[in-house]
Each structure stands twice: as structure tokens, then as C-alpha cells.
Protein chains: 2
Amino acid sequence: MEARHLRYALALAEHQHFGRAAASLGIAQPPLSSQIAAVEREVGERLFDRTPRGVFPTAAGTAFLERARRALDEMGAAVVDAGRAARGETGLLRLGFIGSALLDPLPGVLGRFRRARPDVRLDLGEMSSPDGTAALIAGGLDVAVGRGGPRGPGAEGLVTVPIGSDELIAVVAATHPFAGRRAIGLGQLAAENLIVSPPDQEPAVAARLRSLFDSAPSPLDCATTSRDIHTTVGLAACGVGVGLGPARMRRLERGGIWFCEVTPRVRLPDLRLSFRAADRSPVLAAFLDVVRANCREVGSRLDHVLARHPAVRGIEQPG
Amino acid sequence: MEARHLRYALALAEHQHFGRAAASLGIAQPPLSSQIAAVEREVGERLFDRTPRGVFPTAAGTAFLERARRALDEMGAAVVDAGRAARGETGLLRLGFIGSALLDPLPGVLGRFRRARPDVRLDLGEMSSPDGTAALIAGGLDVAVGRGGPRGPGAEGLVTVPIGSDELIAVVAATHPFAGRRAIGLGQLAAENLIVSPPDQEPAVAARLRSLFDSAPSPLDCATTSRDIHTTVGLAACGVGVGLGPARMRRLERGGIWFCEVTPRVRLPDLRLSFRAADRSPVLAAFLDVVRANCREVGSRLDHVLARHPAVRGIEQPG
DNA sequence: GGTCGGCGATATCTTCGACGTATCGTCGAC
DNA sequence: GTCGACGATACGTCGAAGATATCGCCGACC
């Protein structure tokens with residue numbers, strides 16, 4: 001059974017006449033008769049009643065034609081869908097990210113991406129940087145956003161670009177003695193109960209912080225740990241201690257809390273976006289294109305890396 | 001685009017290897033390469049990534065394969081469905097009938113038919129005998145059950161067989177003087193207010209009744225008319241008059257009413273089943289087969305007519 | 001690092017079947 | 001009864017799918 005047979009049967013049902021159906025198909029009448037006969041032989045049933053007043057489908061023919069129409073529709077859709085998938089207009093993007101990325105670059109990027117590719121399904125999940133890297137390598141994610149360059153086996157198959165940088169800031173309750181001050185010195189922090197993310201969750205950030213306090217014992221040894229940035233702010237707000245986090249934490253501004261700079265200024269590990277170098281998914285390419293247009297402020301490095309990468313070659317934005 | 005292309009692409013996706021996919025298809029490797037290339041040319045996108053570790057679908061290929069699978073499924077279903085439709089296992093039977101037919105032969109016939117052909121959709125409707133005949137001729141029905149042979153233009157294209165015969169009986173309220181009597185004479189009926197079906201609704205029955213009362217004016221001239229048999233019984237029950245109807249009306253037996261024979265016995269026009277002589281629908285054939293098995297008591301005529309008719313040739317009951 | 005082996009692509013020939021032309025058989029219509 | 005329309009049949013032709021042979025490329029392994 002071939003698609004040709006379905007097309008011929010549908011044409012015959014439409015014209016109710018072998019000669020005209022054949023003409024509409026651009027063939028002569030005898031081959032149409034022969035092909036219809038072949039279908040009927042294969043199905044094992046007569047599909048058309050040849051009457052003097054025209055050719056009409058039998059009960060079997062009616063059932064056959066219904067399925068035939070759907071089969072040809074699916075075949076047409078296969079070609080269309082393949083093209084759309086190749087242009088990145090449909091598909092799936094699985095994105096893992098750390099909480100602070102959701103505060104700043106992701107809302108804009110995801111919004112623009114959804115407008116550019118409304119039919120791409122997004123699968124989003126918050127996770128630590130090492131978890132994101134591992135999932136990316138294992139193939140469970142397409143894009144991971146975290147802090148610190150990927151480490152470990154398989155990391156060499158990833159491409160990583162910076163998409164945002166942060167200084168370290170502190171957050172305290174409005175009732176805390178630091179409240180109202182623009183900046184706090186590192187030395188003053190050492191005497192406070194600090195609230196930071198757990199070392200195993202964000203090792204790059206933890207390493208950076210550890211390097212700040214060279215005294216032993218370090219004030220980090222007995223620091224309170226919080227697995228997400230909202231919790232850090234919440235704990236600070238209720239007076240548990242001094243929360244430390246990236247400057248984009250200021251987006252969580254609300255009553256009862258106070259943000260202050262840390263002096264001297266401490267630059268945290270950049271927010272970085274990673275993907276598999278071998279990934280040729282057009283959806284990924286489209287996403288990287290949006291990232292490139294949206295994160296220019298980070299500097300030329302991102303643009304430079306992405307522009308050179310094959311994943312973003314030849315991307316055009318649809319309507 | 002032909003079904004072959006879809007089958008080849010699916011085999012390649014399954015085996016992830018040109019050689020093995022070709023072997024599974026029973027062809028050599030070069031033609032498979034060539035056919036896959038032809039598909040990719042037609043779609044305009046690369047559907048498979050040829051890597052040293054195997055052949056894997058691209059994003060476009062994944063979308064294409066999904067639709068291809070469905071298209072081939074539909075093609076397979078087309079053949080299966082055509083066979084089922086040809087054997088009368090699926091399809092539609094539109095049946096029009098007069099109310100009294102629903103009292104006796106139809107419950108059994110329809111029950112057996114549903115068990116024999118559970119996947120055939122039934123479209124049932126109560127209607128007068130002339131309406132059924134007209135709908136049958138116009139093609140809006142497949143089977144009509146009524147009283148009296150079909151008349152009028154187009155009726156010669158119908159086949160009609162008797163499926164039940166009735167004597168005329170009367171129904172009265174339990175409080176009526178007739179109550180408790182086994183039989184009533186025609187002469188006694190003439191003095192009562194009769195309840196009968198309207199002449200335009202059942203002309204054959206009306207003609208038969210008219211012939212019973214040769215006096216002028218006829219007691220039918222001022223008779224109450226009722227468009228369905230339940231109403232006739234209901235009106236009789238509340239004392240409006242004496243209902244006249246077929247013997248199978250006894251199936252409506254309940255408290256407060258009384259049925260009596262009419263003497264001398266009056267045979268009403270037979271219940272008859274009609275269908276288009278040119279109708280070759282397998283569903284019709286299956287239905288007639290059930291009717292034939294179920295209505296033998298009517299006598300050899302039904303069996304004789306149906307057994308000779310092409311519509312019921314070579315019918316076997318499925319499991 | 002060079003050779004080997006596996007795999008897909010290419011080249012060329014063969015063959016089968018889809019199509020075209022010619023013609024027949026049948027059934028209504030006039 | 002003849003004619004015309006229509007689908008089926010007969011047969012020759014040609015193109016495309018498939019087979020065989022071979023090439024080019026890339027890892028693997030010694």
C-alpha cells in the first residue's frame with residue numbers, strides 16, 4: 001500500500017468518474033483503473049460501486065477513504081512539522097537555573113523567547129549549579145544557568161558563557177544596627193551571624209567567600225545556611241543574622257529589610273549559561289540568539305563566543 | 001512523498017544504522033541511503049545525524065517520525081476498517097418504525113443485532129408508515145417498519161417483507177361496561193366513542209377500519225384520534241372511549257385498563273419491514289439476517305424473500 | 001602514526017511496475 | 001437496433017527503485 005493509492009482513491013471518490021479523476025491526477029484512465037483494482041485486491045474488498053450514473057464508494061470504501069484522508073493529512077503535516085522543528089519554531093527547551101538567575105536575566109530572556117517561539121514547550125526548574133551541570137552532561141537538560149565554570153568529567157563537552165556579574169551585598173532586618181548604612185566593611189561582617197548558601201550547593205560562591213575571611217576560625221564555619229535566596233532574605237528580615245548574596249538580590253526589596261554594599265567591593269563568580277557543544281538543536285540556537293540579544297551588557301565576550309559557535313549560525317527570527 | 005519513504009525513515013530510526021535498517025527492510029544499503037536522501041531533499045531539512053556512533057534523528061527528524069508513525073498507522077487502519085465495514089461489523093443503520101413495532105418484534109431484533117454487531121451505530125426514530133416509506137426512498141433511512149405496503153413514486157425500488165401480524169383488539173377503562181368481557185362485537189363498538197390513529201398517519205389501518213363499518217355516518221367520522229399507541233391506551237384508561245389497536249398493544253397491560261378481542265376477528269395490515277432493493281450495505285445485510293432468524297414465526301414468506309435477496313447473500317455472523 | 005575495518009555515499013547497471021495508447025465489453029439512451 | 005459513454009483489458013514503454021561494486025571518511029588498534 002502506497003500513498004499514491006490513497007490519493008487515487010480520494011480523487012476517484014471526489015470526481016465519481018474514472019476519466020475525470022484520472023485527468024485531475026494528471027494520468028490516463030487505464031492506470032487509474034489498474035491502481036484502484038490493486039488497492040481493492042490488497043484490501044480484499046470492493047471499495048467503489050461502478051454504476052451507470054457514476055462511481056460511488058461502498059461501505060468499505062467510505063471507511064477506507066476516511067482513514068486515507070487522515071493518513072495523507074499526517075504525511076503533509078510530517079513535512080510541515082519537520083520544517084518548523086528545523087527552524088526551532090516547535091520543540092522543547094529544558095532549562096535549569098539557580099534562584100538568583102530568575103531574579104534578573106531570566107524574566108526578560110524567557111519573555112522574549114516565548115514571544116519569539118510561542119510553540120516551543122519550556123521545561124524550567126530551579127537547581128544548584130553542580131546539579132545543573134550534571135543534568136546538562138547527562139542529557140536531562142539543554143541549558144543550565146549557574147555560577148562558576150563547570151567542573152568534572154564531561155564538562156569539557158560544554159560551552160559556557162557569562163550572562164551577568166554581581167558584587168556581594170548584605171541584607172539585614174530594618175531593626176538591625178546596619179540598617180540605614182550604605183556600606184559595611186568586611187571586618188564588621190566577621191562579628192555577625194552570617195547567612196549564606198550551603199558550600200556543597202554553590203561551591204564557587206563558597207570558595208569566593210571563604211577567601212574573604214582568612215582568619216581562623218572563619219565566621220563562615222558557624223554561618224547559617226539557606227538553600228535559596230528568598231529564604232536568605234526572609235531569615236535576615238526576622239533577625240537571624242546578616243544575609244550575604246549577589247547584588248541582584250536587591251530585586252527582593254520590600255518593607256522590613258535593608259540592603260547594603262560590602263566594602264571593599266567583592267565580585268562574585270559570574271552568572272554563566274552552559275549548553276552541550278555538540279547540541280545542534282534549533283530550539284537551543286534560537287534561545288541562544290535571544291540570550292545574545294538580551295545580555296549584551298555583560299560585554300563582548302558572550303557575543304564573541306556565541307557568534308563563533310555553530311549552534312547560533314544562520315538563525316533568523318520568525319514573524 | 002510515498003509511504004515507502006516513511007517506512008524507511010522509521011526503520012532507520014529504529015536500527016540507528018543504515019545497513020541493519022536496510023536488511024530489516026529486505027533491501028540493500030545503497031537504495032536506503034538514496035531514499036532517505038530523497039526524503040530529506042523533499043522535506044528540505046536533514047532528518048538524521050550520521051555520527052560515528054550511529055544514526056540519530058535531528059529535531060526535524062523527530063517531528064517527522066512522529067507524524068510518519070501516525071500516517072502509517074492510519075494506512076493500516078484504513079485496510080482493517082474497510083474489511084470490518086465490508087463485513088458489516090462497523091457502520092450505521094438508520095431505522096424508522098411505528099410505535100407498535102417497538103412493542104413486539106423490535107426489542108428482540110435490536111437486542112440481538114446489538115450483540116451481533118456491537119460496533120454498528122444505530123439511529124432509531126419513531127414515525128408513521130408513510131413518513132418511513134418516504135424517508136427510505138429519499139435515502140434518509142435504511143430500514144422502515146410500518147403497516148401496509150409502500151405506495152407512491154419510488155416505492156417500486158423497495159423490498160418489503162411481513163414481520164408480524166395482528167388482530168384488532170379494543171382497550172377500555174376498568175370502569176367501562178366492557179371491562180371483564182373477553183370479546184366485543186363490532187356492532188357494539190359502533191355505539192362507542194372510538195379512539196383510533198389518524199387516517200393520514202396510518203392510511204392502511206384506517207382503510208381496514210373504515211371497511212368494517214359500512215353504515216353511514218360511520219362511527220369513525222367522529223372518532224377521537226391519537227398519534228401514538230401509548231396515548232390511545234392512556235385515553236381509554238381515563239374513560240375517553242374505546243381504544244382500537246393491534247393485539248400487540250396488550251404488552252401495555254397495566255392496572256386500570258381492560259383489553260378485549262373484537263368479534264368477528266379482524267386482521268390488521270401486517271407489520272412490514274422495507275429497505276431499498278439496491279442497498280448493498282453489509283450492515284443492512286447483517287440486520288436482515290437477524291430479522292430473518294428472529295421473525296420466523298411470521299411464516300415462510302419472509303424467509304423466502306430474504307433468502308433470495310442479494311443483500312442477505314453470504315452473511316456470516318462474526319464471533 | 002600508520003594500517004585496518006566499519007559505515008555511509010556514489011556510480012552504474014538491471015528490473016519491475018506504473019503509465020500511455022489502443023481496443024474491447026457492457027449498458028443505457030435515443 | 002444502433003450509438004455513445006464508460007470502465008476493463010492488452011500490450012508496449014520508460015523511469016525509478018533496487019542490486020552490485022567501489023569510494024571516501026573516520027575511529028580503533030597495534
Side-chain angles (χ1 to χ4, degrees), chain A residues 1-58 60-61 65 68 72 75 156-157 277-278 280 310, chain B residues 1-43 45-58 60-61 65 68 72 75 154 156-157 277-278 280 310:
Chain A
M1 181 72 59
E2 284 297 334
R4 180 186 55 254
H5 297 128
L6 308 186
R7 285 188 279 265
Y8 287 8
L10 286 170
L12 180 56
E14 187 189 344
H15 292 91
Q16 305 182 339
H17 187 284
F18 274 81
R20 283 190 287 277
S24 84
L25 290 165
I27 64 172
Q29 171 260 318
L32 179 58
S33 284
S34 144
Q35 292 297 304
I36 294 293
V39 177
E40 290 179 327
R41 196 175 333 116
E42 178 163 354
V43 173
E45 305 290 348
R46 206 149 181 82
L47 298 179
F48 291 96
D49 264 339
R50 286 78 158 169
T51 78
R53 281 171 314 286
V55 178
F56 304 100
T58 61
L65 290 166
L72 291 180
M75 283 186 58
E156 70 283 355
R280 290 291 170 278
Chain B
M1 180 73 58
E2 285 296 335
R4 182 184 53 255
H5 296 129
L6 308 186
R7 284 188 279 266
Y8 287 9
L10 286 171
L12 181 55
E14 187 189 343
H15 292 91
Q16 306 181 340
H17 186 285
F18 274 82
R20 283 190 288 276
S24 82
L25 291 165
I27 63 173
Q29 170 260 319
L32 178 59
S33 284
S34 144
Q35 293 296 305
I36 294 294
V39 177
E40 292 179 327
R41 198 177 327 116
E42 178 163 353
V43 172
E45 304 291 348
R46 205 150 183 80
L47 299 179
F48 291 95
D49 263 339
R50 285 81 159 164
T51 78
R53 280 171 315 287
V55 179
F56 304 99
T58 61
L65 291 165
L72 292 180
M75 283 186 59
E156 70 285 353
R280 290 291 169 277

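Letters A, B, ... mirror the listed sequences (proteins, then strands); counts begin at 1.
If you check every strand for non-hydrogen atoms under 4.0 Å, B:Tyr8 touches sugar and phosphate atoms only.
For the pair B:Phe48 CZ and C:dC7 C1', the computed distance is 16 Å after rounding to whole Å. Following rounding to the nearest Å, A:Asp49 (CG) and D:dA8 (P) show an atom-to-atom distance of 12 Å. Rounded to a whole Å, the CZ atom of B:Arg53 is 15 Å from the C1' atom of C:dG6. Rounded to an integer number of Å, the gap from CD1 of B:Ile36 to C1' of C:dC7 is 15 Å. In this structure, B:Arg20 atom CZ and C:dC7 atom P are separated by 6 Å, rounded to whole Å. Between the P atom of D:dG15 and the CZ atom of B:Arg4 lies a distance of 17 Å, rounded to the nearest Å. Atom CD of A:Gln16 and atom C1' of D:dA5 are 17 Å apart (whole Å). Distance, B:Gln35 CD to C:dG8 P: 16 Å, rounded to whole Å.
Residues forming a side-chain contact (heavy atoms from CB on, under 4.5 Å) with A:Ser24 (at least two apart in sequence, or on another chain): A:Ala11, A:His15.
Annotation: the span from A:Tyr8 atom OH to A:Ser33 atom OG amounts to 12.0 Å, rounded to 0.5 Å. One finds the CZ atom of A:Arg4 at 10.5 Å from the CE atom of A:Met1 (value rounded to the nearest 0.5 Å).
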B:Ile36 and B:Leu47: CA distance, side-chain angles, deciding distance, side chain to side chain contact (heavy atoms under 4.5 Å, CB included) verdict
CA-CA 9 Å; B:Ile36 294 294; B:Leu47 299 179; 6.0 Å; no
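Residue B:His17 has a polar side-chain atom (N or O) positioned under 4.0 Å from OP1 or OP2 of C:dG8. Distances shorter than 4.0 Å separate none of the side-chain N or O atoms of A:Arg50 from OP1 or OP2 on D:dC6.
Under 4.0 Å is where a charged nitrogen must lie from a carboxylate oxygen, and between B:Glu40 and B:Arg50 at least one such pair does. B:Glu2 and A:Arg7 are joined by a salt bridge, as a carboxylate oxygen and a charged side-chain nitrogen come within less than 4.0 angstrom of each other.
Recorded end-axis angle for the helix from C:dG1-D:dC30 to C:dC30-D:dG1 stands at 20°, based on five pairs per end and rounded to 10 degrees.
Remark: A:Gly26, A:Ile27, A:Ala28, A:Pro30, A:Pro31 in residues 23-33 of chain A come within less than 4.0 Å of DNA chain C through at least one heavy atom.
With contacts defined as side-chain heavy-atom distances shorter than 4.5 Å, the pair A:Ile27/A:Gln35 does not qualify. A 4.5 Å side-chain heavy-atom check between A:Arg280 and B:Thr58 finds every atom pair outside the cut-off. B:Asp49 places none of its side-chain heavy atoms less than 4.5 Å from the side chain of B:Val55.
Across the interface with DNA chain C, nearest-nucleotide mapping of A:Ser34 and A:Pro52 shows A:Ser34 to be the residue nearer the 5′ end.
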